[in-house]
K.L.:
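One structure follows; several queries about it will come next.
Below, chain A is the first sequence line, B the second, and so on; all start at residue 1.
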2 protein chains.
Amino acid sequence: MAGSITDILKNPESIKVSGSLWIESNGQPFFGPGPVELLERIEATGSISMAAKEMKMSYKKAWELVNNLNAQMANPVVIPQAGGEKGGGSTITPEAVKLIQYHRQMRERFASFLEAETARLKK
Amino acid sequence: MAGSITDILKNPESIKVSGSLWIESNGQPFFGPGPVELLERIEATGSISMAAKEMKMSYKKAWELVNNLNAQMANPVVIPQAGGEKGGGSTITPEAVKLIQYHRQMRERFASFLEAETARLKK
DNA sequence: AATCGTTATATCTTTGAAAATATAACGATA
DNA sequence: TATCGTTATATTTTCAAAGATATAACGATT
């Protein structure tokens with residue numbers, strides 16, 4: 001529409017509003033898109049190392065994410081076991097499932113917000 | 001409230017939803033909080049180098065931001081003059097003012113969204 | 001033409017984060 | 001007790017982004 005922001009851009013059709021969303025605790029981010037996917041893959045594979053490999057993330061980083069998550073929660077979201085049959089593994093707790101679900105819903109609302117902002121930009 | 005996400009966190013009172021917002025063109029971010037502040041300071045000081053210094057940003061980076069902005073717009077947002085009285089300087093165009101205003105309003109709406117999400121988290 | 005502080009650009013250096021590598025500890029199973 | 005693949009942790013290496021530095025070009029004013 002006349003008078004919109006897109007009018008003053010060189011490539012009006014390729015424009016959109018984008019963003020990122022996360023949950024902070026103690027002033028620092030602890031639960032964004034990365035940890036969500038990691039938890040989901042730990043649930044699927046039963047292993048931190050396999051989940052990390054699937055995401056092409058170093059085991060170290062994955063382990064740090066898990067550790068940080070557990071530290072912020074009243075009860076752990078991942079139960080790791082070093083040693084045992086097949087060398088060990090990790091399982092996620094009901095709290096983790098709850099977190100994942102919540103984040104997914106939140107992201108849907110955020111996606112709507114972004115779409116609305118992108119639409120607004122053009123009119 | 002019982003059953004909320006905050007119940008399963010170690011520090012429920014310090015939790016909040018946070019995020020970042022920007023405008024993309026051609027798939028890459030070109031207008032976020034940094035450029036906004038830079039444009040505002042160029043307007044105030046009449047100089048890219050002074051604006052950069054105020055933000056403790058290298059002149060190089062500031063110049064790159066300005067260049068990138070100008071490249072994405074149908075008409076430049078910053079008019080630079082090398083040489084002249086006092087060595088030169090830069091002014092911003094009405095298009096720049098429009099962009100700044102729009103981004104400010106957008107950020108206010110985003111702040112409301114984040115507050116609503118933070119509130120939702122706790123109930 | 002000499003001066004000024006700025007814009008414009010190239011090049012070198014730093015440095016901090018990510019990745020890669022290595023190694024130890026673990027515990028059920030056979 | 002030997003094996004397995006995992007968790008747990010430290011150390012080293014790599015690499016790209018940021019920063020620092022240097023230099024040229026610019027043009028109104030004097």
K.L.:
Less than 4.5 Å apart, side chain to side chain, heavy atoms only: is that true for B:K10 and A:Q72?
P.N.:
no
K.L.:
Under 4.0 Å from any heavy atom of chain B: name the first and the last nucleotide of DNA chain C that qualifies, 5' to 3'.
P.N.:
C:dG5 to C:dT11
K.L.:
Any Lys/Arg nitrogen of B:R104 or B:E40 sitting under 4.0 Å from an Asp/Glu carboxylate oxygen of the other?
P.N.:
yes
K.L.:
Taking for each residue the nucleotide of DNA chain C bearing the nearest heavy atom, is the 5' side occupied by A:A82 or by A:K61?
P.N.:
A:K61
K.L.:
Write down the atom of B:M55, the atom of B:G34, and the distance for their closest heavy-atom approach.
P.N.:
CE-O, 3.9 Å
K.L.:
Give a yes or no on whether a salt bridge exists between A:E37 and A:R41, defined as a side-chain N under 4.0 angstrom from a carboxylate O.
P.N.:
yes
K.L.:
Contact list please: residues 84-96 of chain A against DNA chain C, heavy atoms, distance less than 4.0 Å, in numerical order.
P.N.:
A:G84, A:E85
K.L.:
Check step by step if side-chain contact (heavy atoms from CB on, under 4.5 Å) holds for A:M106 and A:I23.
P.N.:
CA-CA 10 Å; A:M106 191 171 74; A:I23 300 177; 4.0 Å; yes
K.L.:
Can you tell me how far CG of B:L38 sits from CD1 of B:I48, rounded to the nearest 0.5 angstrom?
P.N.:
7.5 Å
K.L.:
Return the value, rounded to whole Å, for the distance between atom NZ of B:K60 and atom P of D:dA22.
P.N.:
15 Å
K.L.:
Under 4.5 Å between side-chain heavy atoms, hopping through other hydrophobics if needed: is there a path connecting A:I79 to A:I42?
P.N.:
no
K.L.:
Quick check on ring pair (Phe, Tyr, Trp, His ring centres under 6.0 Å): which of B:F30, B:W22, B:F31 does B:H103 satisfy it with?
P.N.:
B:F31
K.L.:
What are the two closest non-hydrogen atoms of A:P33 and A:R107, and how far apart are they?
P.N.:
CB-NH1, 3.5 Å
K.L.:
Do you know the tightest heavy-atom contact between A:A51 and A:T45?
P.N.:
N-OG1, 3.8 Å
K.L.:
Tell me, which of residues 48-59 of chain A have any heavy atom that sits under 4.0 Å from an atom in DNA chain C?
P.N.:
none
